**Student:** 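Pasting a structure below so you can have a look.
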Amino acid sequence: MARITLVRGDITQQSVDAVVNAANSSLLGGGGVDGAIHRRGGPQILEECRALRASRYGRGLPTGQAVATTAGRLPARWVIHTVGPVYQASAADPSLLASCYAESLRVADDLGARTVAFPAISAGAYGWPLDGAARVAVEAVCGAVTAVEEVRFVLFDERAYEAFAAQLG
Ligand code: ADP
């Protein structure tokens, strides 16, 4: 099982093998984590995303799945793009959110990545309540069978950090 660490900070500044992007299914960029990764990582990431759209993912990357590209100028080797579910209070099924973590770790294993940084997927623009998002994230990572040695949750603000810390108790 991977060792879990928590840091408060910016995911684009993590020196790890792979950083996970809270992408949208277009793979063509967005706000939040996605915007920061493309801005700091440079155009090479978008180029590879466009190539993925032109080949394997003509209709976009489905929610809950993950795919890797170069990390461009980020201090990482790869970006693993995953698409979190948009929160709907009346139908909040955590399985797709859990799948984002499990699939990202599966892709990390395929790459041979040993250190992986995750943001709080779906907890921003996609509206997932922080406590639930943190619980699903920690449970999914704890339940994953993976050769990844360190999973680092990178939380942007104190509230998110505290929500993840509470789950790790
Ligand atoms: P989603 O669309 O999946 O909700 P967002 O990128 O909007 O993804 O937000 C996910 C979480 O990441 C939020 O808690 C947000 O505050 C946080 N966040 C935004 N920018 C960064 C960043 N540069 N590094 C780490 N976390 C970030």
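As the structure is a prediction and not an experimental result, all values here were calculated from the model. One-based numbering, in listed order, for ligands and for the atoms of each.
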**Student:** Heavy atom of Ala123 under 4.0 Å from ligand 1?
**Tutor:** yes
**Student:** Got the closest protein heavy atom to atom 24 (N) of ligand 1, with its distance?
**Tutor:**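 Of every protein heavy atom, Ile11 N, 2.9 Å lies nearest to atom 24 (N) of ligand 1.
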**Student:** Considering only non-hydrogen protein atoms, determine which one is nearest to atom 7 (O) of ligand 1 and report residue, atom name and distance to 0.1 Å.
**Tutor:**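 Minimum-distance protein heavy atom for atom 7 (O) of ligand 1 reads Ala125 N, 2.8 Å.
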**Student:** Between Thr146 and Val151, does the side-chain contact (heavy atoms from CB on, under 4.5 Å) criterion hold? Intermediate values first, please.
**Tutor:** CA-CA 10 Å; Thr146 175; Val151 167; 5.9 Å; no
**Student:** Quick one: which ligand 1 atoms are inside 4.0 Å of a heavy atom on Ser122?
**Tutor:**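 Result: 1 (P), 3 (O), 4 (O).
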**Student:** Show me, pair by pair, the donor-acceptor contacts under 3.5 angstrom made by side chains of residues 80-88, not counting sequence neighbours?
**Tutor:**
unit_1	atom_1	unit_2	atom_2	d
His81	ND1	Asn21	ND2	3.2
His81	NE2	Thr69	OG1	2.9
Thr82	OG1	Gln65	O	2.7

**Student:** Nearest to atom 26 (N) of ligand 1, what protein heavy atom do you find, and at what distance?
**Tutor:** Phe156 CB, 3.6 Å
**Student:** Regarding Glu47 and Arg50, does a basic nitrogen lie under 4.0 Å from an acidic carboxylate oxygen?
**Tutor:** no
**Student:** Determine whether any heavy atom of Gly35 lies closer than 4.0 Å to an atom of ligand 1.
**Tutor:** no
**Student:** Quick check on Ala160 - does any of its heavy atoms sit under 4.0 Å from an atom of ligand 1?
**Tutor:** no
**Student:** Could you list which atoms of ligand 1 come closer than 4.0 Å to a heavy atom of Val33?
**Tutor:** 6 (O), 12 (O), 18 (N), 19 (C), 20 (N), 21 (C), 26 (N), 27 (C)
**Student:** Does any N/O atom on Asp157 come nearer than 3.5 Å to any N/O atom on ligand 1?
**Tutor:** no
**Student:** Is the closest heavy atom of Thr12 to ligand 1 under 4.0 Å?
**Tutor:**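 It does not, in that no heavy atom of Thr12 comes within the 4.0 Å cut-off of ligand 1.
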**Student:** Could you tell me whether the side chain of Ser99 and the main chain of Ser95 form a donor-acceptor pair under 3.5 Å?
**Tutor:** no
**Student:** Give the ring-plane orientation class for Tyr101 versus Phe153, where under 30° counts as parallel, over 60° as perpendicular and anything between as tilted.
**Tutor:**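 Judged by the thresholds at 30° and 60°, the geometry between Tyr101 and Phe153 is perpendicular.
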**Student:** I need the nearest protein heavy-atom contact for atom 23 (N) of ligand 1: residue, atom name and distance, please.
**Tutor:**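 Answer for atom 23 (N) of ligand 1: Asp10 OD1, 3.0 Å.
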**Student:** Considering Pro119, Gly32, Gly124, which one's heavy-atom position lies nearest to atom 4 (O) of ligand 1?
**Tutor:** Gly124
**Student:** Tell me whether atom 15 (C) of ligand 1 lies less than 4.0 Å from at least one protein heavy-atom position.
**Tutor:**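 Looking at atom 15 (C) of ligand 1, one finds that no protein heavy atom lies closer than 4.0 Å.
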**Student:** Counting N and O atoms only, with roles assigned by atom type, does the side chain of Asn24 sit under 3.5 Å from a partner on the main chain of Gly29, one being a donor and the other an acceptor?
**Tutor:** yes
**Student:** Is Arg106 salt-bridged to Asp110, going by a charged N under 4.0 Å from an acidic O?
**Tutor:** yes
**Student:** Among His38, Arg40, Arg39, find the residue that satisfies the side chain to side chain donor-acceptor pair (under 3.5 Å) test when tested with Thr12.
**Tutor:**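 Between Thr12 and the candidates, side chain to side chain donor-acceptor pair (under 3.5 Å) is satisfied uniquely by Arg40.
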**Student:** I'd like to check which ligand 1 atoms, numbered from 1 as shown, lie under 4.0 Å from a non-hydrogen atom of Ala36.
**Tutor:** 23 (N)
**Student:** Looking at atom 8 (O) of ligand 1, what's its closest protein heavy atom, distance included?
**Tutor:** Ala22 CB, 3.6 Å
**Student:** Search all heavy atoms of Leu155 against all heavy atoms of Ala120 and return the closest pair with its distance.
**Tutor:**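 So the minimum-distance heavy-atom pair works out to CD1-CB, 4.0 Å.
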**Student:** What's the shortest distance from atom 11 (C) of ligand 1 to any protein heavy atom, and which residue and atom give it?
**Tutor:** Ala120 O, 3.3 Å
**Student:** Under the side chain to side chain contact (heavy atoms under 4.5 Å, CB included) rule, collect the residues that match up with Ala113, sequence neighbours excluded.
**Tutor:**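 Once residues adjacent in sequence are excluded, the partners of Ala113 under the side chain to side chain contact (heavy atoms under 4.5 Å, CB included) criterion are Asp17, Ala18, Trp78, Ala108, Val116.
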